[in-house]
Student: 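Just dropping this structure here.
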Amino acid sequence: MSDVDLIIIGAGPAGMSAAATAARGGLKVLLLDEQGHPGGQIYRNVAKNGTSRSWLGKEYASGARLVEALDNPHISTQFGATVWRLDDGPTVVWSKSGTSQISTARHVLITSGAQERPVPFPGWTLPGVMPAGAAQILMKSAGMLPRDAVLAGSGPLLYLVAAQMIDAGCPPKAVVETQTPRMMLNALPHLPKALLGISTLFKGLGLIRKIKAAGVQRYSNASDFRAHPNEDGTLAFSFQAKGKETHLNCALLLSHQGVIPSTHMTRSAGIAHEWNEAQQAFQPVTDDWGTTDRTGLHVAGDSAGIGGADAAAAAGELAALNILQLCGCLNSDTRNQRAAKARAGLLRARSLRPFLDAAYAPTAETLAPVDETIVCRCEEITAGDVRQSMSEGATGQRQMKTSLRTGMGPCQGRMCDATVRAILCAPRNTATDSIAPPRARAPIKPVTLAELAALSKIQAGAD
Amino acid sequence: MKVVSRFQPPPESGPKVQFVFEDEQITAPQGISLAAALLAHSGNATRRTSTGAQRTAYCMMGVCFECLVDVDGVPNTQSCMTVVRDGMVVKRQIGLRTIQGGDYV
Amino acid sequence: MLSTQPEITIIGGGVVGLSVAMGLLSAGHRVHVLDGTDGDARASQGNFGLVWGQGKGWNFEPYARWTSDSLAAWPEFARTLTDLSGIDVALDQSGGFEFFTDADEMDEFAGMLAQQQGHLGNRFSHEILSGDEMRKHMPGIGPDVVGGSFSQLDGHVNPLRFLRALRRAVKTLGGRVTMNATVQAVRPVSGGGFDLKLATGNKTSAEKVVLCAGLGSAKLTADLGFTTAIRPQRGELLITEKLGVRLPFLSSTIRQVDEGGVQIGGTKADVGMDDRETLDVMASLASHAVAVYPALADVRVVRAWGALRVMSPDGYPVYAQSHHHPGAYLVTCHSGVTLAALHASVLADWINGTSTAPNLEAFDESRFTVSTAA
Ligand SMILES: Cc1cc2nc3c(=O)[nH]c(=O)nc-3n(C[C@H](O)[C@H](O)[C@H](O)COP(=O)(O)OP(=O)(O)OC[C@H]3O[C@@H](n4cnc5c(N)ncnc54)[C@H](O)[C@@H]3O)c2cc1C
Ligand code: FES
């Protein structure tokens, strides 16, 4: 007997909308999230902040509706609950306050979202360099506004954070964009399809207008990022733009090059993954409903491929409808009918993606940085070390890991896998899917020996 | 040398908690993460790697493990995933952690 | 270096293949190592790094002696390796323990060690210690430990740096190593020599071949007229966050890597090619570690993994020359780290058939056919 019908891992837009849909359909749901509150990264602390931090914008406040829908007797929630292992069954092993629990369900839906793509460059490990998304988390969760900050990189989030900072009265000192004219050219063919998501496109243009209107200094086509510490702890940021070297001093350097799916959970569960060339990232292979090749395991939202919050909420609903059908609560006709609206929403939300992926592609130097750059922050291994190991014969991520220890620290490769892979692929410049995704193993987040050992007692007792 | 915080001070209103960081009493808004409280306090590093490099909280979402500090004697604690509490005693994580009864030959 | 010796092709670039390559290169051969792909089962990338004698060959004297010879040869081998590769493999041979929480198991093991002692005489030494004696020397040992054994010859290396050092040493000695060169089939050519077909579609030929492809050897033995059945045996391991203090002991189940992390292992399961880590075993490994050394309780595990041992039917090494196809050799073993010091030296004499070659008849694969016939 399973503990519940459905375990959902991750309480972002995908997980929250799935939980509500499944519970309304009659399923008993357990919703787990590592964070202390529902909302995921995008709607972090939304229930608590309400409209008090108006500079976060209307979009953000709209997340509150998803949180409210969790108030359903069929949904139990556990926050501060870190899933560290999935097993066939399906079985979910999760840790809260130093104790691990094993929960079973008929189905498990993974909605663990995305992480920011690591943006390695010389100096990116210095205090004061942070991802733009991290600064946004501080704004949402602590009301902390960046001071004397430069935003650098590319992607919609860069503009959104800039606009939020302007509205909050702490405009960035400069926005340094790595986007090249060529990327825009590559993106143009996707524009007609993107028109389906015209409102989002307009919002994006609105952000850029806001940045212009605020008189924020903008640099485009920038490259060769480097940061050095100044005596007073501020940063000396240098880069090339329009063929000349530019220097900016700042307290905070907020970088961004888009987001990539969090795949430690799906990879460790043994789900098949595929390379998404447009998004330069691995993602689990799923069907239209988020079903995977492992029985009872489903994936929705950004952890199945980057689509953004609206797409995630729609995909979560679709996955839940499908699980309702698999559990016998809906027949497939009703499932399909009820899915129509979410499907249309998903289509609309995704229509803009190919355009965005092409227009804000990560730069070559972000993917495969110069030799002196630290690539693996935990083990302090440089891009040069990785190239050296390649010259000694390492041909894949596993050999790289075993010869250099890249990805063996506590972050388990979250900060270096993508970079190591790009460096491995660079010289050959061939089909990048010839290099398999790195293996992820339990525990996907560290757990203490005592906590693990306690499970052996539980199991012995249960025999 | 103390580096000024890279963030504007958090809003004055609302309930507060007090904790100790390296012998300094710090006041922080209730409910925020320890990493946020430390970033609001100063722009300095909060840990050193085993080679001595200075690091501080980076991703703020539990991914990078740069925010490790010692909380009430528990080393390598992810401060971005820890809510700041009244009376916490926090220290920088300097190099590798030790274990109880450590300092063996 | 110009050489008149024929080129030898080694199939498999794990610790066994690379060690053999090092020995042959030092003996003046030209050597080409063909290694497989990143996704292959690779015991050399998942092992425990022990250079270990305790218990080895207690009921098979030739293995007890062979292991003991390798332990003695390791210090010199480690120095050579560092000279050739620039990598320190962190050899530490200051003695190792076996810990027991079950008195019967301990008695059984003590009996095995007594037999091993019988085979080795003064080339081996060991002590059996009670739990209290252990706690007296090492106060941190947990109350559940009923006792254990100690042998001062045992040690360990950093297994991952060891693999990298071997690869570099082989290159320094002028060996060629080709990656992504999985050998799909070997065809003996009449009149001598072999044709090798690679998975990439390429072909290459060799005058002599040494089959050292770990579990990958299983598919190629028949091509060369060998009969040994090679099977996988899963071992599971945990590794913790790094510690800035040293554990006061080394054991065959708990050891601290020189970089600081604590590795915990020692399990065995026959589950085919499945190298997944399992919850039950992870939990029992953690229990064992905490029982032996309670101060490890709050140390975090950062990764668990399963790796597949390369096992012959009786678990002992196989050193065999093909009777049907002269010039073909099979070298396969568990404990390829421990035995590397010999694989990289005197094994070359055996392949060359020189007068100083060790007598390895006891390790021929004929022992399997004999025993089934009996
Ligand atoms: C859990 C565990 C713990 C261990 N602990 C210890 C220990 O503490 N001490 C110790 O001494 N030993 C230990 N061992 C054993 C040791 O790891 C092995 O003896 C040793 O690694 C075997 O090396 P190998 O080269 O035979 O095999 P592998 O390391 O598996 O290498 C085989 C190589 O052959 C290649 N290959 C396969 N097929 C082909 C093909 N057709 N063509 C070309 N190349 C091919 C592969 O790519 C691979 O590189 C342990 C093993 C395990 C699994
Ligand atoms: S700041 Fe990245 S894990 Fe805490």
Side-chain angles (χ1 to χ4, degrees), chain A residues 84-89 91 93 98 100 102 268-270 378-379 388-405 407-413 424 434-460 463, chain C residues 13 33 35-40 42 44-46 85 87 158-161 163-165 167-168 170-171 177-180 237-242 259 261-262 264 275-291 293-306:
Chain A
W84 57 264
R85 183 180 168 95
L86 288 180
D87 268 306
D88 286 343
T91 299
V93 189
S100 282
I102 301 173
S268 72
C378 297
E379 296 285 333
Q388 163 73 28
S389 174
M390 276 172 81
S391 74
E392 289 172 19
T395 57
Q397 294 214 257
R398 191 153 147 253
Q399 284 167 16
M400 200 55 86
K401 180 171 178 174
T402 51
S403 76
L404 292 178
R405 302 188 53 81
M408 285 201 179
C411 95
Q412 302 172 329
L424 274 164
S434 62
I435 291 185
R439 188 89 171 260
R441 302 271 203 172
I444 58 165
K445 286 282 170 86
V447 275
T448 65
L449 282 166
E451 188 170 339
L452 249 183
L455 287 179
S456 96
K457 290 194 194 101
I458 290 176
Q459 290 183 332
D463 267 353
Chain C
V33 180
D35 196 29
T37 60
D38 200 39
D40 287 354
R42 288 171 180 257
S44 302
Q45 292 181 346
S85 69
I87 291 175
N158 181 311
L160 297 179
R161 281 216 304 283
L163 180 63
R164 190 176 184 199
R167 200 180 284 150
R168 281 210 207 181
V170 164
K171 288 197 177 161
V177 181
T178 307
M179 311 296 287
N180 283 333
L237 303 98
L238 306 176
I239 184 119
T240 70
E241 59 191 342
K242 295 178 184 175
E259 288 131 351
V262 178
I264 303 154
D275 72 350
R276 284 176 295 179
E277 69 288 355
T278 64
L279 187 59
D280 291 2
V281 174
M282 288 169 68
S284 67
L285 286 171
S287 282
H288 170 71
V290 175
Y293 206 67
L296 290 172
D298 80 333
V299 174
R300 296 171 190 84
V301 174
V302 288
R303 190 168 55 255
W305 71 97

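Quick note on labels: first sequence line is chain A, next is B, and so on, each numbered from 1.
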Student: Hey, mind stepping through L160(C) and M408(A) against side chain to side chain contact (heavy atoms under 4.5 Å, CB included) and telling me if it holds?
Tutor: CA-CA 12 Å; L160(C) 297 179; M408(A) 285 201 179; 3.5 Å; yes
Student: Only pairs of heavy atoms separated by less than 4.5 Å count here; which of M179(C), E277(C), H288(C) has the most with chain A?
Tutor: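 When all of M179(C), E277(C), H288(C) are compared, E277(C) has the most.
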Student: Can you name the closest pair of heavy atoms from A286(C) and A453(A) and give their distance?
Tutor: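 For A286(C) and A453(A), the tightest heavy-atom pair comes out as CB-N, 3.7 Å.
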Student: Is any side-chain heavy atom of L449(A) closer than 4.5 Å to a side-chain heavy atom of V262(C)?
Tutor: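 In short, these two side chains do not touch, never coming nearer than 4.5 Å.
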Student: Sort and list the pairs that fulfil salt bridge (charged side-chain N to carboxylate O under 4.0 Å, His left out) and have at least one residue in residues 388-398 of chain A, not counting sequence neighbours.
Tutor: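 Applying salt bridge (charged side-chain N to carboxylate O under 4.0 Å, His left out) to every pair that reaches into residues 388-398 of chain A, excluding sequence neighbours, yields E392(A)-R164(C), E392(A)-R168(C).
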Student: Closer than 3.5 angstrom, by distance alone: can the side chain of Q412(A) be matched with the main-chain N or O of V302(C) as a donor-acceptor pair?
Tutor: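 Yes, the answer is positive, given that a donor and an acceptor are paired below the 3.5 Å cut-off.
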Student: With a 4.5 Å cut-off on heavy-atom pairs, point out which of V93(A), I444(A), V447(A), L404(A) contacts chain C the most.
Tutor: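 The option with the most such pairs is V447(A).
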Student: Rounded to the nearest 0.5 Å, how far apart are CG of L455(A) and OG of S284(C)?
Tutor: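 Between L455(A) CG and S284(C) OG, I get 11.0 Å after rounding to 0.5 Å.
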Student: Quick one: what part of L238(C) sits under 4.5 Å from any heavy atom of chain A, side chain, backbone, both or neither?
Tutor: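 Only the side chain of L238(C) comes within 4.5 Å of chain A.
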Student: Is it the backbone or the side chain of T178(C) that comes under 4.5 Å from a heavy atom of chain A, or both, or neither?
Tutor: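 The answer is neither part of T178(C).
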Student: Indicate the atoms forming the closest heavy-atom contact of R85(A) with T278(C), along with that distance.
Tutor: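 Scanning both residues, the minimum pair turns out to be NH2-CA, 3.5 Å.
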Student: For the residue pair T448(A) and A297(C), what are the closest heavy atoms and their distance?
Tutor: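 Smallest interatomic distance, heavy atoms only, reads CB-O, 3.5 Å.
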Student: Using a 4.5 angstrom heavy-atom cutoff, name the option from R439(A), E451(A), K401(A) with the most pairs to chain C.
Tutor: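 Going by pairs under 4.5 Å, I would pick R439(A).
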Student: Of the backbone (N, CA, C, O) and the side chain (C-beta and beyond), which part of M400(A) lies under 4.5 Å from a heavy atom of chain C, both, or neither?
Tutor: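 No part of M400(A) comes within 4.5 Å of chain C.
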Student: Might you confirm whether atom CZ of R276(C) has over 12 heavy atoms from other residues, nucleotides or ligands at distances under 6.0 Å?
Tutor: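 No, the 6.0 Å shell around CZ holds no more than 12 heavy atoms from other groups.
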Student: Is chain A contacted by the side chain of V290(C), its backbone, both, or neither, given a heavy-atom distance below 4.5 Å?
Tutor: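 Contact with chain A is through the side chain of V290(C) alone.
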Student: Taking side chain as everything from C-beta outward and backbone as N, CA, C, O, which of these in L163(C) sits under 4.5 Å from a heavy atom of chain A? Side chain, backbone, both or neither.
Tutor: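 For L163(C), there is no contact with chain A at all, as no heavy atom is under 4.5 Å.
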Student: Taking all non-hydrogen atoms of both residues, which atom of D275(C) and which atom of R441(A) are closest, and how far apart?
Tutor: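 Answer, listing the atom of D275(C) first, then R441(A): O-NH1, 2.7 Å.
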Student: Can you tell me how far apart CD (E259(C)) and CD (E379(A)) are? Round to the nearest 0.5 Å.
Tutor: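 The distance works out to 7.0 Å.
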Student: Can you tell me which portion of I264(C) sits under 4.5 Å from chain A's heavy atoms? Options are side chain, backbone, both or neither.
Tutor: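 Just its side chain gets close to chain A.
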Student: Apply side chain to side chain contact (heavy atoms under 4.5 Å, CB included) to the pair T91(A) and L279(C), showing each step before the final yes or no.
Tutor: CA-CA 11 Å; T91(A) 299; L279(C) 187 59; 5.8 Å; no
Student: Considering only heavy atoms from C-beta outward, does the side chain of P443(A) approach that of M282(C) to under 4.5 Å?
Tutor: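 Yes; the side chains approach each other to less than 4.5 Å.
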Student: First locate atom CG of D87(A), then atom CG of D280(C), and finally report the distance between them rounded to the nearest 0.5 Å.
Tutor: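 One gets 9.0 Å once the value is rounded to the nearest 0.5 Å.
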Student: So, do T402(A) and R42(C) sit near enough that their side-chain heavy atoms are less than 4.5 Å apart?
Tutor: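 The answer is no, as the side chains (C-beta and beyond) never meet within the 4.5 Å cut-off.
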Student: With only heavy atoms counted, which part of S389(A) is less than 4.5 Å from chain C, the side chain, the backbone, both or neither?
Tutor: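 Backbone plus side chain of S389(A), per the 4.5 Å heavy-atom cut-off to chain C.
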Student: Got a donor-acceptor contact below 3.5 angstrom from the D38(C) side chain to the Q397(A) backbone?
Tutor: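 Checking the backbone N and O of Q397(A) against the side chain of D38(C), a donor-acceptor pair under 3.5 Å is found.
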